[in-house]
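Lettering follows sequence order; numbering is per chain, from 1.
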Amino acid sequence: MSTAVAQKKGFGAFMWDYLTTVDHKKIAHLYLVAGGLFFLLGGLEAMIIRIQLIKPDNEFISAGLYNEMITMHGTTMIFLAAMPLLFALMNAVVPLQIGARDVAFPFLNSLGFWLFFFGGLILNFSWFMGGAPDAGWTAYAPLSTTSPTHGVDFYVMGLQISGAGTLIGGINFLVTIVNMRAPGMSYMRMPLFTWTVFVTSTLILFAFPALTVGLFLMMFDRMFGSVFFDVASGGNVIIWEHLFWIFGHPEVYILILPVFGVFSEVFSTFSKKRLFGYSAMVFATVLIGFLGFMVWAHHMFTTGMGPVANSIFAVTTMAIAVPTGIKIFNWLFTMWGGTIRMTTAMLWSVAFIPTFTIGGMTGVMLAAAAADYQYHDTYFVVAHFHYVIVGGVVFGIFAALHYWWPKMFGKVLNEKLGKWAFWPFFIGFHLTFFIQHFLGLMGMPRRYWKFLDGQGLDTGNLISTIGAFFMALGVIIFLWNVIYTAMKEPKASADPFDGRTLEWSIPSPPPFYNFKQTPLVRGLDALWIEKSEGKKAMTPAEPLGDIHMPYGSIIPFVMSFGLFIAGFGFIYQVDNPVWLSLVFIGMGITLGSMFVRSVKDDLGYHIHKEDLEKGDGQV
Amino acid sequence: MAKDTNSTHNEFEKAEHKQEMQHQVISFVMMIIFTIAAFALVVSDVSKYFTIPIILLLAVVQVVFQLYYFMHMKNKDHEMPALMIYGGIAVAFMTILTFTTIIWW
C-alpha cells in the first residue's frame with residue numbers, strides 16, 4: 001500500500017499499521033527505512049574517520065573517540081545496514097518471485113525485524129550512555145574483555161538481540177523457498193535471486209550460531225566473571241578469534257550472494273536474454289556457500305597457527321576464486337549479443353564487474369599466507385574489503401533498489417537523477433579506496449588514529465578523503481531522487497522494464513494478497529515464456545477462490561521491546577544489582593508475550609471470492 | 001479428508017498405519033536393547049578401547065533410528081531436511097577435524 005493511501009487514514013493509524021504488520025511487503029519497507037537510516041549513520045562515521053585522516057597529525061577527534069568511530073562504522077555497516085537492506089530486498093521480492101502470497105511464517109518475519117531494530121538501537125544508545133564499543137568490529141579478546149567502559153557490553157547485547165532476528169529471518173526464508181513455490185516451479189526453475197537467497201539463508205542458519213556462542217562467552221566473561229578468554233586463569237583468547245571468524249567469513253558470503261542474484265536478474269532483464277549458464281550459476285552459488293565454511297582461518301594467518309594450517313587455508317581460499325570467476329564470465333556472456341539498455345540499475349551492475357574483480361584479485365593476493373604477513377592489518381586489507389563490500393554489496397543494493405523500486409513503491413526512480421547519483425559515487429569510491437592499496441603497501445597500518453608527516457602518506461590520504469566526499473554527494477543525490485520520485489513521477493505500470501520473472505506479472509505495488517490466483521510456472525523466466533507465446537498474463541494454476549490471510553499483531557514489537565529493556569539490565573547490573581530488576585521486567589514482558597502468543601488462537605481471516613471479483617480486475 | 005473417500009482407500013490407509021506402527025515398535029525395542037547393551041558394556045570388565053568405539057557406534061545407530069523412524073525422515077518430502085542435516089554434519093565434521101589436526105591453539 002502506498003504512503004499516499006495510508007496517509008488518508010491519519011498518522012496514528014499509519015504508524016499502528018506498520019507496527020503491527022505481518023505483510024512481507026510492508027516489512028520490506030521497514031527493513032529498508034531502518035537499514036537506510038543506519039547506513040547514513042555508518043556513512044557519517046566513515047566521513048568523520050576520513051576527516052580525521054585528511055592530513056598528518058590531525059586533531060579533529062580524540063584517539064578514544066576515533067576507536068569508537070572505527071568500531072561503530074564497521075559494526076553498523078555490516079550488521080545494521082547491509083544485512084537489513086538485503087532483508088528488505090528478500091522480503092520485497094522472494095515471495096513474489098516464487099508466486100507465494102506471503103512468507104511461510106509472517107509473524108516470525110515481523111519478530112525478526114523488530115529484534116534487529118531494537119538490537120540496533122541498543123548498540124547506538126551506547127553513544128549517549130558512557131561511550132560506544134571501542135575494540136574494533138571484530139572485538140578481539142583480551143582487548144574487548146578488558147575495555148573499561150560499557151561500550152563492548154552494548155556491542156554484545158546489541159548483536160545478540162539483532163543476531164537472533166537475523167537467524168529467525170534466515171529460517172523463515174528457507175522454509176518459504178522450500179515449501180511455498182508456485183505449482184511447476186521446480187528448484188531448477190527458480191529465478192537466480194531466489195536461489196542466492198536460499199543459499200544465503202542456509203549460511204545464516206549455520207553461521208550465526210557460532211556468533212551467538214561467541215557473544216555468550218564474551219557476555220559471561222564481561223558481566224558474570226567467567227574466564228573463557230582470560231589467559232591468566234587458563235582461558236584462551238584465540239577461541240574468540242576462531243568463533244568470530246567461523247561466523248564472520250560465511251557472513252561476508254551472506255552479504256554478497258544475494259547481490260549476485262540481483263546482478264543476474266538485472267543483466268538478464270536489461271540484455272533481453274536469458275541468463276547465460278543458469279545451471280552453472282546455481283552450482284557456483286552452492287559451491288561458494290559450501291567453501292565459505294572452510295576458509296575462516298585465513299583471517300588469522302599471523303596468529304601463529306603453523307605452516308600446515310596456513311597452507312591449507314590459503315589453498316581453500318584461492319579455490320573460491322573459481323566459482324566466482326564462473327559467475328563473472330557468465331554475466332559477461334549474458335550481456336554478449338544482447339539488446340542492452342543502459343538504465344541506472346544496469347549501470348550499477350556493469351560498474352560492479354571490474355570493481356569486484358579487483359577486489360577478488362587482491363583477495364587472492366591476501367590468501368597467499370606468506371605474503372599476508374606483509375599485508376596484514378594494513379590499508380591494503382581495508383582497500384580489499386571495501387572493494388568487495390562497497391563495490392559488490394552496496395553497488396548491488398543500489399542496482400536492486402533501482403530495479404525493484406516500482407515493485408516496492410509503485411513508481412520508477414528518476415533515471416536522470418539515478419545516473420547523477422551513480423557517477424559521483426562510482427568515481428568517489430575508486431578515489432577513496434584505490435589509493436589505499438598503495439598506502440597499505442607503503443606500510444600504513446589500519447585502525448591507527450594518526451599518521452605522521454614526511455612518510456609519503458600525506459597525498460594518498462588527502463585523495464582518499466576527497467573521494468569520500470564524492471561518495472557522500474552520490475548518496476545525497478540518491479536521497480533527493482527518492483523524494484523527487486515520490487513527488488513528481490507518474491505511477492508505474494505492472495511491468496515497466498519488460499521483466500522476465502513472476503513479480504512483474506502483478507501490479508506495482510502488488511495488492512496485499514499478491515496473487516489473486518496462484519500462477520502456473522512452465523519454465524525458467526516464467527513470465528517471459530508466456531510473453532514469448534503472445535500471452536499477456538500468467539496462466540492461473542487454481543480457480544478463483546477465497547484467500548486465507550493472517551491478522552497483524554503487535555506482539556512481535558512487544559516481545560522485542562522486552563529484550564531491549566532486559567539488555568540494559570544485563571549491561572548495568574555489573575555496577576549495581578538493582579539494575580537486575582530491569583532484566584526481570586524485560587524478560588517478563590518477553591516471556592509474557594510469548595505466553596499470550598501461545599495460548600491465544602490467531603486463525604486469520606479470508607478474503608472472499610466475491611470481493612476479489614469486485615476488485616480491480618487485474619490478474 | 002479420509003472420511004470423504006471410499007472404503008478401499010480407508011483400508012489402504014489402515015494397512016499403512018499398521019505397518020508404520022510395526023516399524024515404530026521394532027525400532028523402539030531395538031533402541032532399548034542398544035541402550036542396555038551400552039550400559040552392560042560399561043558395567044562389565046571390557047577394555048575401554050573396545051567399549052568407547054562400540055558405544056559411539058550404538059549412539060550413531062540410535063540417532064539414525066530416531067531421525068528416520070520417529071521423526072519421519074524416511075517418508076517422502078523429507079529430502080531437504082536430510083540434505084540440511086548431512087550438510088551441517090559435513091561442515092561440523094570438517095571444522096572439528098581442522099581443530100584437532102592442523103590448528104595449534
Side-chain angles (χ1 to χ4, degrees), chain A residues 104 170-171 174-181 186-187 198-199 201-207 209-210 213 229 231 235-243 245-247 249-250 286-287 289-298 300-301 303-316 369, chain B residues 1-6 9 12-13 16-17 19-20 23-24 27 48 52-53 55-105:
Chain A
I171 293 170
L174 269 183
V175 180
T176 305
I177 295 172
V178 171
N179 287 324
M180 296 182 68
R181 284 167 288 132
S186 60
Y187 281 106
F198 181 64
V199 175
S201 304
T202 317
L203 295 188
I204 289 176
L205 179 65
F206 289 134
V213 170
F229 306 125
V231 178
N236 190 333
V237 292
I238 306 299
I239 295 173
W240 169 265
E241 291 186 27
H242 278 298
L243 281 173
W245 287 117
I246 287 175
F247 148 77
H249 202 84
V286 176
L287 195 62
F290 196 67
L291 285 176
F293 282 98
M294 321 247 158
V295 297
W296 80 88
H298 68 208
M300 300 164 59
F301 281 152
T303 304
M305 294 181 301
V308 178
N310 276 10
S311 319
I312 290 175
F313 278 101
V315 171
T316 53
Chain B
M1 281 278 222
K3 276 175 199 158
D4 305 342
T5 50
N6 55 39
H9 192 84
F12 174 73
E13 277 201 342
E16 281 262 281
H17 281 307
Q19 215 194 357
E20 176 89 29
H23 282 302
Q24 298 230 356
S27 51
K48 70 173 183 182
I52 292 173
I55 289 182
L56 286 177
L57 184 72
L58 290 177
V60 170
V61 174
Q62 287 217 24
V63 168
V64 172
F65 267 125
Q66 177 80 24
L67 288 174
Y68 276 82
Y69 285 94
F70 294 150
M71 299 183 78
H72 303 288
M73 250 174 66
K74 69 178 168 51
N75 300 7
K76 238 174 74 101
D77 281 341
H78 285 67
E79 293 84 7
M80 193 47 80
L83 183 69
M84 290 281 164
I85 290 171
Y86 292 125
I89 290 172
V91 168
F93 177 74
M94 294 287 277
T95 309
I96 292 167
L97 191 71
T98 309
F99 274 115
T100 49
T101 51
I102 59 170
I103 291 181
W104 174 92
W105 63 325

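The ring pair (Phe, Tyr, Trp, His ring centres under 6.0 Å) search around B:Y69 returns B:H23, B:F65, not counting sequence neighbours.
The part of A:M294 that comes within reach of chain B is its side chain, from C-beta onward, which places non-hydrogen atoms under 4.5 angstrom from that chain. Contacts of B:T101 with chain A are absent, with no heavy-atom separation under 4.5 Å from either backbone or side chain.
Inspection of non-hydrogen atoms places B:M80, B:M84, B:G88, B:V91 of residues 80-91 of chain B under 4.5 Å from chain A.
Between A:A309 and B:I102, the shortest heavy-atom distance links the atoms CB-O, 3.5 Å.
Taking the six-membered ring where the residue is Trp, A:W296 and B:F99 present tilted rings, their angle falling between 30° and 60°.
Expressed to the nearest 0.5 Å, how far NE2 of A:H242 lies from CD1 of B:I103 amounts to 4.5 Å.
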